[in-house]
Protein chains: 2
Amino acid sequence: MTRQRALILNIMRENPGHLTADEIYALAREQMPGIARGTVYRNLKLMEQDREIAKLEMPEGPDRFDKTSAPHGHLYCDGCGSLQDIPVIGLVRDIEAVIGTEVRSYQLTIHYLCPACRSKLSQ
Amino acid sequence: MTRQRALILNIMRENPGHLTADEIYALAREQMPGIARGTVYRNLKLMEQDREIAKLEMPEGPDRFDKTSAPHGHLYCDGCGSLQDIPVIGLVRDIEAVIGTEVRSYQLTIHYLCPACRSKLSQ
DNA sequence: CTAAATGCAAACTATTTGCAACGAT
DNA sequence: ATCGTTGCAAATAGTTTGCATTTAG
């Protein structure tokens, strides 16, 4: 556990949202100006492999990262790209019943139009 | 509808799997050697916007493309990266009940270990 | 002490884009 | 004829990597 890794973890804990690697890098530099972008990417990858965090592949733009807590899905607006958590119940259980083995994790992205984008379209 | 676009569509129809843009490009060149990589990418993006096909963001490597038929999920093996379709029932209905608006599409990737990778680990 | 992690910069992969020429309608 | 689409090549975005140096355990 290096200082760099602790800092990255801390930033993710304090930050509610879904940060990209570069956003985490920028926040990290505020507290540790010498930290390298590569270090951030390397640590995020390691933490993902340890399943301390989850990588969210986005329809547009860079990946985002989520500290893994309760499994949940994401609502993605095709209009503006906004992202929100959404609870999902029973999915893992159902899938495990079908495949007969453990689900290690899942990524669910629901594409929809958020209220703001919907009202823009109807104008 | 250009010859190029028709060819790309046809390759996707004939090909059962989950091709990457470059795999489609390679197959397209067999029948139309002059086709440009950019043309393949452009058409795939347009077809995705028209929702004729779906883009699958992969945990590793390039995106893959799926001709959209019945909505379904994907089983991704964290060991070897293999990808398989899996039926999903009731998910869209459940989500729409929660969010109160239409689900345009979704992407569900279940991470697991396929039988082959599981038996390698236990050795 | 030593194995693992860092900083730096260069390399790489996947994808996008500007532009002149071409082709579908 | 016109406007969207192509081929080409260069550009970009995001991420990874090699290597000498530093740091944690």
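Lettering follows sequence order; numbering is per chain, from 1. Nothing here was measured: the structure is a model prediction, and the numbers come from that model.
Positionally, the nearest nucleotide of DNA chain D for B/Thr2 lies more toward the 5' end than for the other of B/Thr2 and A/Ala21. With DNA chain C read from its 5' end, the first of the two nearest nucleotides for B/Gly38 and B/Pro62 is the one closest to B/Pro62. Toward the 5′ end of DNA chain C lies the nearest nucleotide of A/Asn43, the other residue of the pair A/Asn43 and B/Arg3 mapping further downstream.
Across all their heavy atoms, A/Thr20 and A/Pro62 have their closest contact at CG2-CG, 3.8 Å. Across B/Ile86 and B/His72, no two heavy atoms sit closer than the pair O-CB, 3.4 Å. In this structure, A/Lys67 and A/Gly17 approach most closely via the heavy-atom pair NZ-O, 4.2 Å.
In B/Glu60, the CD atom is not crowded: 12 or fewer heavy atoms of neighbouring residues, nucleotides or ligands sit closer than 6.0 Å.
Across all strands, A/Asp22 comes closer than 4.0 Å to no nucleic acid atom at all (heavy-atom distances).
Here chain A contacts DNA chain D (any atom closer than 4.0 Å to a heavy atom, that is under 4.0 Å), and the contacts span D/dG14 to D/dG25 from 5' to 3'. In summary, contact between chain A and DNA chain C, defined as any nucleotide atom under 4.0 Å from a heavy atom of the protein, begins and ends at C/dA5 to C/dC8 in the 5' to 3' direction.
With salt bridges taken as basic N to acidic carboxylate O contacts below 4.0 Å, none links B/Lys55 and B/Asp66. The pair A/Arg64-A/Glu57 fails the salt-bridge criterion, with no side-chain N (NZ, NE, NH1 or NH2) lying under 4.0 Å from an Asp/Glu carboxylate O.
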CA sep, side-chain torsions, deciding dist, call: B/His18, B/Leu56, side-chain contact (heavy atoms from CB on, under 4.5 Å): CA-CA 8 Å; B/His18 305 95; B/Leu56 308 179; 3.8 Å; yes
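Side-chain contact, A/Arg29 with A/Tyr25: a donor N or O sits under 3.5 Å from an acceptor N or O.
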